[in-house]
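See structure below.
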Amino acid sequence: MDPILSVQELSVEYATRRGALRAARDVSFDVESGETVAIIGESGSGKTTLAVALVRLLPRNARVSAGAIRFTRDGITRDVLRLDDEELREFRWRECALVFQSALNAFNPVIDIWSQFLDTARAHGMKDTKAVRDRSFELLDLVHLDPERVLRAYPHELSGGMRQRVLIALGLLLHPALLILDEPTTALDILTQRAIIDLLRELRTKLGFSMLFISHDLSLAAELADRVVTMYAGRAVERAGVEDLFYRPRHPYSIGLLRAVPRVTGALGSVASIPGSPPDLISPPPGCPYHPRCPLAIDACLAAVPPLLPVDMPRHDAACIRWQEVARTIGTAERHVAEKLA
Amino acid sequence: MSVTPAEVRLAARLGPREVFGAFWTHPVLRAALKAILTIWVTTTLTFFLIRLMPGSPVDLKIDELMQTSNGALTYDDARAIASGLFSIDLNAPLHEQYLSFMGNVLHGNLGNSFLSAGTSVTSIILAVLPWTLFAVGTGLLLSFSVGIALGLLAAYRRNSFFDRLVTTGGSVVSSIPNYLLALMIVVILGSQLRLIPIAQMRGAFSPGMHPGFTLDFIGDIFYHASLPITIFFLTQLGNWILSMRSATLAALDEDYVVAARARGLTDGRITTAYVGRNAILPLVTQFAIATGFVLGGAVVIEQIFVYEGIGLRLLAAINQRDYPLVQGILLITTTAVVIANLAADLLYGRLDPRIGRAGGATG
Amino acid sequence: MIETLRLLSRRPVALIGLGGVIFFVLLAYVAPLVVSLQDAPDVTSVYLSPSLAHPLGTDYQGRDVLNQIVHGGADILTVAFLAAFISTAIAVTFGSLSATLGGRFDAATLGLTDIVLTIPQLIVLIVVAAIVHPSSFLVMAVILALLQWASLLRQVRAQVLSLKERDYVEAARSLDLGIFHIIFREMLPNMTSYIVIHFILAMTQAIYAQVGLIILGLVPLSGENWAIMLYFARDQGALYFRDSLWYILSPILAIVLFQLSLVSLASGLEDIFNPRLRAA
Amino acid sequence: MTNGSPLIRLVHVTREFKTPAGVIKAVDDVSLDLDRGEAICLVGESGCGKTTTGRLLAGLLRPTSGELLFEGNDVWRSRGADQVRFRRAVQLVHQDPYASLNPVRTVEQVLAAPLRHHRKAQTAKQARAAARSLLQRVGLTPPDDFLHKFPHQLSGGQRQRVSIARALTVDPRVIVADEAVSMVDVSIRITLLDLLLGLRDEFGVSIVLITHDLAVARYFGRAGRIAVMYLGRVVELSATQELIDDPAHPYATALIGAIPEADPDLTRSKQRLPLKSADVPSLLRLPPGCSFHPRCPRAEAGLCDVLVPALTPIGGTRSVACHVAVRERTALAAATGPFRFDLPWVDIDKSEGSAG
């Protein structure tokens, strides 16, 4: 069966005064039906650019310079980059809904929530107000909100956690096959974040959609993802199942990230930052973009950009010519990478 | 019902400042209070200006009376006559003069005109004010609606030829003082090219016309007001275009607009309800400020086109030293502007739920 | 400063504005030193069209229009500059005081500002000018300034309030660097661009009001200036003669071009100082 | 760790703010001691008063009631030299690296101004030399690459280092770091925390780290204490490891359980304390009694919704403000409760007032 979303060799460029900023380069990954994929990376790694590029909402100064985005549902495959304006409009939200980072700003401040639900439904041909209302009630119930009160409210009258839940409910209005979540819990408090995580897990089981979420927060990926893509300097540097990525990483950057985040409970292990800072995306270093910060870098790393290739485990790819060295230090069954590396 | 100690304390503390404070925090009451205060300050200011300035109108009138009588009047006689003309007792202490003046104002009595004895200031103002409001209002509304449409369009077609044309044109025309534009129209279109019968268009309507809701009359008043309206329209247009353009650009960058596009809303709905509605909000307040500005500019414009509005009357009153009329006109125009501001405040509250429903604290 | 000029050079509009302003300043203050005033009436050459002898023609008394334009700028520019200076000084002083002191002083300043902002300023100005009859530059400038400080004051106050809360100002406070350091080294440098732009716009407003008052004849008419030329042009009925075109258009164009120069300079500076553009 | 003479003490400090909608108590009856060279973390969610507490500690806010003691002197009653000494003794490192440096001043200007002002450097040359060594100390090497840079030419992490160097210009005794790492990239947070800890080891500077991130608090405060705050009050104060391993307050328990971990097995098998409600009450309308009771699964009617629990010692270095936890833990320690007399009567009055 075809994956719901298939991204192939996608590159996105921003035009800046200093030249072309390549925010995403040759990024490829798939999202299977019912699967949750996490894209993790630091600020400037190109992950948000990727999210908006998938529904073609890039800002004016950005463009997709290469690649393909294929979306498959009910046996019909569409090339998102080739949709015309009207097809694109219909594609958005019906097939693939985007839950934004800041839910407050995702709602029009001068219109009440009900109108925004209605707008969305009408734009996709649901003319029956009663049906829209019933569906909205059902969804708001699902996200544990009081539909009556919420639909009458203006965005500023709801708390951050409530707005995030309303946005998730709105995202599910048209039964999309894929939900893209961009830093869905970053602005929220811990307990609210927990509620949203649990809610997403619950909804996924109940409704069976796929999720692609984008975060700098490794722990969110550990919580929710089936598969993880690590991004660095606009490139996907590692692609693996969640256990593989956390326990058997094959790219030095993934290891660096894992070691940079301390745990709250359990063993503290050895924690350390990655030396240096992310590269300039307008004039990146030659070869592997990570080599200036990489403890395993050798001369060959400067020669060419390493391609994303399969490593010693199934469905696990890394863009590192020294992945075997990485594997040797990490092993294949190690629970806590950080401790091993210490 | 028992009274808690807290309530007793609260009651004891309800002095003037607390009451005033309560007014000041309530948005609507606050706006109303500010309006009244503004009118009071302006009125008071002119009252004292007219009486206390060295070479004040009262002194001038006394001098004038003594001179025209060739010494037949003593200073005291002249002062007594002036007193009567100003309908205040110049011998009374200043604060009494002020109180009786304010009392009259509160009763809607703005005094009588010097020149046409017996004509009340109110009736003169009522005869000319509508024409000014008509011209200024039409010009402003026209420029506002056209400006908003053009600004929105320019923002959507950012950096296109249309955008450059509209923004450059708009900013050039709006940096030209409106009365100079009026002069240029008179000189170039009127005198040089003789495209416009300037002389015929004077006044608020043609002589012999009977005011009424007839098509002829309405056509006629538009004919006479067309030049002032054009000037107000042209000179305000640029401001609206530029303001709307930048407000739209800001709105277009907002997350909720991107989110609306992600939801697949139609462009029409996004433009009106998401971009336009939010972009127009800051312009509502600007509209009120513009009212005051344009009403002020009307004085010079009416003078240039000889349009029989309140500005023309004000200048005549100034030149003829008809100070009660000057004072009355100032009071009325201030009131008009203040009301426009008040209306804008209230309208803003209605348009922006974040203001109107203050108190619905966010989490 | 050099950085500002460099950025300015990349914006044609701002550059044209700057050029215009420099041109008019030279025209108003330096050219009169070179060209002497010729104000003797010559009834034989009334309303002449432009020629080599009179590049902009002559007026109703046969005087050279270009000569009047050269000599008629200084007054207007001086009053505008003074008015802008006074209103900016009032706004900056009281705006920052109001924001720093807070409490009743702030409430009173804000209340007064609100009121002044609502008053139809030009009408009040006309009445005040008619009563006061300002006969010196300074009085004229003060009257103009008294009616235009309010909007800048509010903005300065808002700026200072926001700067006061900035983390780096708080850091300076906790480093105990003293109030002078905080005002002159931390806050003011962040406001100069803003104040400069508003100074320029205040000049345009002062010119608008000033010329309007003179055209209406509310200000004692003495000396030479562009607005007085327009007053006499109206007074002598020159508006309605076909051969007086250059006589009337010359002062109008002088004023309009100067206004345009100021506005484009201001908008150019605004672009330059806009941090979003600067960061890019 | 109250060994007689703490460096800085907050004693029953309350701070109110006037808002258009009413008066809120951002910090309510907080007492906290800080010893020389101690690292303490204030942890809590947004609106819990941790930032206000930090600013009260730094003397940037005046308490509405209560005292701030520095070396035993009441800071807000002292004058002249004492006050100046205190001012410089406590320095702040802010959260937002993009707002904490003046955009128009170079790194050298930022560092030289306090050095010159406080006569630590007599000449510009000396100031530059001192600035160089400070930059070296905070890991910005070579320093000459940074002296002439403006903030917009630096990365977030580099700016935070400049902020720390700026704080060091006046030889502070205490550094209050308000979410100092939350806005920098994940990959470099640990070095910044290590830098701060290094200052403590090297100069004996006490550090108050304010954070919403318990993982950061745990790493940073592994040898110190954590104070957990909720709606303006400290609800639990313990040595870090004890608090993590065995939280006493239900809120702390819920918080620790709720945090996702960067470890799939660990995070998916974590014990969690489900709350009764996800909504945080508004500071304007605090519930009577313990302000956590409407969400607390362990709340007891008639007790928790009536009486405000005081922060009560339960043995060791630990204190907790929870009726239920105090009862259980002190019963466990076979101690009878003299603590009941510690209940602050003022608060009981208040809670009755707002209930009626």
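Residue numbering restarts at 1 for every chain, and letters A, B, ... go by the order of the sequence lines.
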query = Got a second to check how far I126(C)'s CD1 is from L314(B)'s CG, nearest 0.5 Å?
reply = 6.0 Å

query = Checking heavy atoms, do the side chain of I248(C), its backbone, both or neither come under 4.5 Å from chain B?
reply = side chain

message = Less than 4.5 Å to any heavy atom of chain B: does that hold for the side chain of L249(C), its backbone, both, or neither?
response = side chain

ask   = Around atom CZ of F94(C), are there more than 12 heavy atoms of other residues, nucleotides or ligands at under 6.0 Å?
value = no

query = Where do P120(C) and G292(B) come nearest, in terms of heavy atoms and distance?
reply = CB-O, 4.1 Å

query = So what's closer than 4.5 Å to chain C heavy atoms on I318(B): side chain, backbone, both or neither?
reply = side chain

request  = Take L180(B) and L230(C), measure what side chain to side chain contact (heavy atoms under 4.5 Å, CB included) needs, and give me the verdict at the end.
outcome  = CA-CA 9 Å; L180(B) 293 186; L230(C) 285 172; 3.6 Å; yes

query = Any idea which heavy atoms bring L122(C) and G297(B) closest together, and the distance?
reply = CD2-N, 3.6 Å

message = Main chain of Y208(C), side chain of Y179(B): is a donor-acceptor contact present, judged purely on distance under 3.5 Å?
response = yes

ask   = Where does L125(C) contact chain B at under 4.5 Å (heavy atoms): side chain, backbone, both or neither?
value = neither

request  = Using non-hydrogen atoms and a 4.5 Å limit, figure out which bit of V128(C) sits close to chain B: side chain, backbone, both or neither.
outcome  = both

key: chain C interface, residue from V294(B), V338(B), I289(B), V187(B) that has the most non-hydrogen pairs under 4.5 Å   = V187(B)

inquiry  = Heavy-atom pairs under 4.5 Å with chain C: which of L181(B), V186(B), T168(B), N178(B) has the most?
reply    = N178(B)

ask   = Among L245(C), L117(C), V127(C), which residue forms the greatest number of heavy-atom pairs with chain B at distances under 4.5 Å?
value = L245(C)

remark   = Heavy atoms of V263(C) and S175(B) approach each other most closely as CG2-CB, 3.6 Å

query = Rounded to the nearest 0.5 Å, how far does OG1 of T118(C) lie from CD1 of I339(B)?
reply = 12.5 Å

query = Quick one: of I329(B), T42(B), I176(B), L330(B), who has the most non-hydrogen atom pairs under 4.5 Å with chain C?
reply = L330(B)

Heavy-atom proximity to chain C below 4.5 Å, by part of V41(B) = side chain

remark   = Looking only at Q259(C), Q121(C), H133(C), the option with the highest number of non-hydrogen pairs under 4.5 Å against chain B is Q259(C)

inquiry  = Can you tell me which of I207(C), V211(C), I255(C) forms the most heavy-atom pairs within a distance under 4.5 Å of chain B?
reply    = V211(C)

task = Please report the closest heavy-atom contact between P177(B) and V256(C), naming both atoms and the distance.
result = CD-CG2, 4.4 Å

request  = Kindly give the heavy-atom pair with the smallest separation between L295(B) and I123(C), and that separation in Å.
outcome  = O-CD1, 3.9 Å

ask   = Does V337(B) reach the side chain of I119(C), with side-chain heavy atoms less than 4.5 Å apart?
value = no

remark   = One should read off an interatomic distance between M184(B) CE and I252(C) CD1, to the nearest 0.5 angstrom, of 5.5 Å

query = For I215(C), is it the side chain, the backbone, both, or neither that has a heavy atom closer than 4.5 Å to a heavy atom of chain B?
reply = side chain

query = Once you round to the nearest 0.5 Å, how far does CD1 of I115(C) lie from CG of L37(B)?
reply = 4.0 Å

